[in-house]
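These numbers come from the heavy atoms of this one structure, side chains and all, not from hydrogens, waters or symmetry mates. Chain A is the first sequence line, chain B the second, and so forth, proteins listed ahead of strands; every chain is numbered from 1.
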Amino acid sequence: MSGRARVKARGIARSPRATEVGRIQASPLPRSVDLSNNEASSSSGFLGTSRLSTNDKYGISSGDAGSTFMERGVKNKEDFMDLSICTREKLAHVRNCKTGSSGIPVKLVTNLFNLDFPQDWQLYQYHVTYIPDLASRRLRIALLYSHSELSNKAKAFDGAILFLSQKLEEKVTELSSETQRGETIKMTITLKRELPSSSPVCIQVFNIIFRKILKKLSMYQIGRNFYNPSEPMEIPQHKLSLWPGFAISVSYFERKLLFSADVSYKVLRNETVLEFMTALCERTGLSCFTQTCEKQLIGLIVLTRYNNRTYSIDDIDWSVKPTHTFQKRDGTEITYVDYYKQQYDITVSDLNQPMLVSLLKKKRNDNSEAQLAHLIPELCFLTGLTDQATSDFQLMKAVAEKTRLSPSGRQQRLARLVDNIQRNTNARFELETWGLHFGSQISLTGRIVPSEKILMQDHICQPVSAADWSKDIRTCKILNAQSLNTWLILCSDRTEYVAESFLNCLRRVAGSMGFNVDCPKIIKVQENPAAFVRAIQQYVDPDVQLVMCILPSNQKTYYDSIKKYLSSDCPVPSQCVLARTLNKQGMMMSIATKIAMQMTCKLGGELWAVEIPLKSLMVVGIDVCKDALSKDVMVVGCVASINPRITRWFSRCILQRTMTDVADCLKVFMTGALNKWYKYNHDLPARIIVYRAGVGDGQLKTLIEYEVPQLLSSVAESSSNTSSRLSVIVVRKKCMPRFFTEMNRTVQNPPLGTVVDSEATRNEWYDFYLISQVACRGTVSPTYYNVIYDDNGLKPDHMQRLTFKLCHLYYNWPGIVSVPAPCQYAHKLTFLVAQSIHKEPSLELANHLFYL
Amino acid sequence: MPNRKASRNAYYFFVQEKIPELRRRGLPVARVADAIPYCSADWAKPVFTPLRRPGMLVPKQNVSPPDMSTLSLKGDQALLGGIFYFLNIFSHGELPPHCEQRFLPCEIGCVKYSLQEGIMADFHSFINPGEIPRGFRFHCQAASDSSHKIPISNFERGHNQATVLQNLYRFIHPNPGNWPPIYCKSDDRTRVNWCLKHMAKASEIRQDLQLLTVEDLVVGIYQQKFLKEPSKTWIRSLLDVAMWDYSSNTRCKWHEENDILFCALAVCKKIAYCISNSLATLFGIQLTEAHVPLQDYEASNSVTPKMVVLDAGRYQKLRVGSSGFSHFNSSNEEQRSNTPIGDYPSGAKISGQNSSVRGRGITRLLESISNSSSNIHKFSNCDTSLSPYMSQKDGYKSFSSLS
């Protein structure tokens, strides 16, 4: 047997013995690395290490014995880092009041719950040392917990730091215990800090407490969320089951500590890897089985139900069988079969199956060799959906039917969770020992801001619904369109017919919207990407305004190669359409209308506007995205309006080689945008409002200290006397709170334009929620805005309404979108560059919305 | 009776069109025959047009027309004849730093190039990457799938690493003497260097190749020619060009057949094309098929794919019905690959001498003229004046806004 067979088995980190190893390794373990065959394996037996911390975003997780482990110190907790940033106190105009007043008040229910505790509630942080020092965290915890002094107290302990809700009598407490081996261990518990309930550390401890409580409700943590495997929802026709669950968190909102919960689902396949393999073997035959098997399985995520952990399949080891042995941490050899029998009382039935290999995630900043885990296919369940599955319409429909909860369905689920927490004795006991009380669901008052009128060329239209005004503007002319005289259509032989009928249709609809489209040159090419690119190279000359390609299939190479060439090498706007789309006969008119609108924008036209009361306002959108090809390249897309009407846009996309999501090229962009504005308006904008999307947890500080100064300095340098006033707003599409309106004794989605700026917001920030999208099915999610810098001093009312107005200006959709248009444009731009172009698009296209 | 009009060729009509202009210039031109001597220089333009076409679409360069009077032709001659090797080695992804094996070499491409001659020979081979380190199969598979798509196992084309290295050495160093410098893009340098060392470990031959970056080479050439340093942005935009991606006879056969863009040989050839297209032209070298893949453009000029023209009046001139050009290309390539090769190792190809002598007679005539130094000046001017679109208007704009 090769060295591979001795790689440890994984997945028992929750078992007593695995936790005993803990995360702290005192002595270097013997490792034999077989360099000759380049196996990155180790024979060091059990290193039940990294998993404990890596599966948990907070770096804090609970073990089975009611203990809580914590990372040393609480410095790098991404989620909690943002909490210590106070931006509101620097903004004088909102220091006293950040709420607006305009609009119709509306009563809203939320997914937030009160969490009550006594006024004088405090948390006591202790440090525990052991003499002689113990490496095993498991042992440390066991020894400390066995003491009667602590046994009936609410506590959280990670092996070094101990949190108690009640103070110990002495500042320094000395305890001693005896281990099973007869050693006497002295423990010193020293009080380090007394923390008020508002401290970020307390928030962390509250989160730990609730995690324990959810475990007591027999829910399992997978990733960050908790799922209930005992109540699966089955979709038998697709061999899927869904585990219902919740994402939870506890944090300080405007005035109070609140518990928030949102419904989440885990999609699992009712098929073990072994069953999958057997079925595959029957289908393909033995000859190419290993190859196809590797192709289909490698890269998938599996779940082992014995410990409810997930692993990715990185390799398959065909030479190892369950009857082979591996070395445990204590040095003894055991077969996989015996191990599972002993540890989980599971009998492995197929003794000839190969083993799956998973590369374990490493501890941070640890340059040690990779650790491998061997898993038994019989015990691994496939999770998630493959690409093949996601493209299966029926399957996705079936999943959506189960997972898309209506507001009332969601409300019921929340009520049940709360009920469970309050009824379960263990859970209630845990809460009570900490001195906490689970309170009522929060309801608050939001406001519905007035709807917007859409300004067309010679008509002002008040759409029936802001969600989609395509019908309302059908007869109106668009604001401004350049006529399209010289352009090309590339199509294949097979698609020539549809191309012609589409062209007729396009010219008709374009004419009625005031966009003059001349006859193009139609070029027939063969059906391969090379032929398309060559034809473009051959026929595109400086006169060509636009190239339309009718693509025979949605193969990515067609789109990528065309976009790459036409966005940077030879900058000409391009429009790609799938032939399949044009074959939908009944929808030809609406498809042609959408494409005509896109083409207008790509040529520099303007479709519609909304009334913007502020004169000389520039709005900017910034988004970031990782490049699809090289993961260390960050694509930063910036879009700025260049006219007071906010209908024309300047864009720039910059690729930077950094590992963080922070942009360091904003000055170049901002200077360029201000120059453009000056060129068109002969003055600088009086106000600049920047919407920054793509901000992750814990980045607020970096943003304030690094990005805002870049913007400020370019604004300051642009003019010698009065410089423009700047505001920076962080936009987040994903946020915990959900809002429902109560109507006829059921709950519903709140109407478009609902603003929430109290209770669910944070006291230290100038923030608000805005609902600017509709959900036909399911629950609508609000968009969260956090104003981190504001020189403009606009009233909160105006800031909210302006943001709402900007959500109407995305030209790729005749309706309102979930984020302000500049953000959506920046997102489209970064996505195009990250997925297809992989380099900076030519600046000659910067004044057009070529990325639509 | 034969139709007399049939004898009128394109040149006749060209000259006929030119007559009014010549008259305006005050030349005594009564009929076509009189005008011919005045038109032959202009006739050269259409010959250049297809050649220059690629250049027109390339990222606009900010190369000011060279000031020819300050150039020393002797220094140029050495530079023009200098031979460079462009090398690239592809890997199945990059493994994390703690692994002993950082890369898994799977494909190698190398071209021999000079400014004067263009690509003189090329070398390509697939490499057997060896066993994938346990646990990294997914990592390697994903890296391969997102780029060159070479299968990570059961790929029978892969050659033994030692053999490949030996063949590479024979390709770049067939005769005893100094080893020539080898160039690769700076982004690839770590990988290529690591792979070379790794492959050398497997074989007995020890030869530390001097691996330099193409970016530095371009700086060097530019400096020597114009005595000033080009900007980094300019070099990057010069080398990072998508337009040759699908050119025929650029990728290796396997990548061409499977229509995959990422090919080690193609990377090297595209470096050669880019340098030819932007630098060699500045030296007044006329681009041949060995410099850039001309046949695509020449072929497409004479053999236009089927085309429906709705706006008939406007595009009447372009309407020439014939079969597609891909057929033309493939036969061309086959012919080239079948050419027997002398003492070169397997995988190496030498461009046939005949390839530079093609096109119309006038091309050859011009070539012979261009060999005499006195005419270089005239031709370079001709080049630049032909593409004002490239160097003046847009090139300047986009460039200045970048820096």
What's the separation between atom CZ in B:Arg137 and atom CD1 in A:Ile313, rounded to the nearest 0.5 Å?
13.0 Å

On a heavy-atom basis, the closest approach of A:Lys564 and B:Asp245 is NZ-OD2, 4.1 Å

Return the CG to CD distance between B:Asn154 and A:Glu294, rounded to the nearest 0.5 Å.
8.0 Å

Is it the backbone or the side chain of A:Ile489 that comes under 4.5 Å from a heavy atom of chain B, or both, or neither?
neither

Please say whether more than 12 non-hydrogen atoms of neighbouring residues, nucleotides or ligands are located less than 6.0 Å from CZ in B:Phe155.
yes

With the side chain counted from C-beta on, respond yes when B:Phe136 and A:Asp314 share a heavy-atom pair under 4.5 Å apart, and no when they do not.
no

Any salt bridge between A:Arg657 and B:Asp187, counting N to O under 4.0 Å?
yes

Residue pair A:Arg534 / B:Tyr246: nearest heavy atoms and the distance that separates them
NH2-O, 2.5 Å

CD of A:Glu840 to CG of B:Asp240: how many Å apart, nearest 0.5 Å?
10.0 Å

For A:Lys295, does the NZ atom have more than 12 heavy-atom neighbours from other residues, nucleotides or ligands under 6.0 Å away?
no

In terms of heavy-atom contacts, does OH of A:Tyr678 have more than 12 from other residues, nucleotides or ligands at under 6.0 Å?
no

Does a side-chain N-to-carboxylate-O contact under 4.0 Å join A:Asp317 and B:Arg134?
yes

How long is the span from the CE atom in B:Met243 to the CD1 atom in A:Ile536, to the nearest 0.5 Å?
11.5 Å

Just to verify, what does A:Leu629 make a side chain to side chain contact (heavy atoms under 4.5 Å, CB included) with, not counting sequence neighbours?
A:Asp627, A:His838, B:Ser146, B:Phe262

Taking every heavy atom of B:Gly135 against every heavy atom of A:Asp315, the minimum-distance pair comes out as N-OD2, 3.0 Å

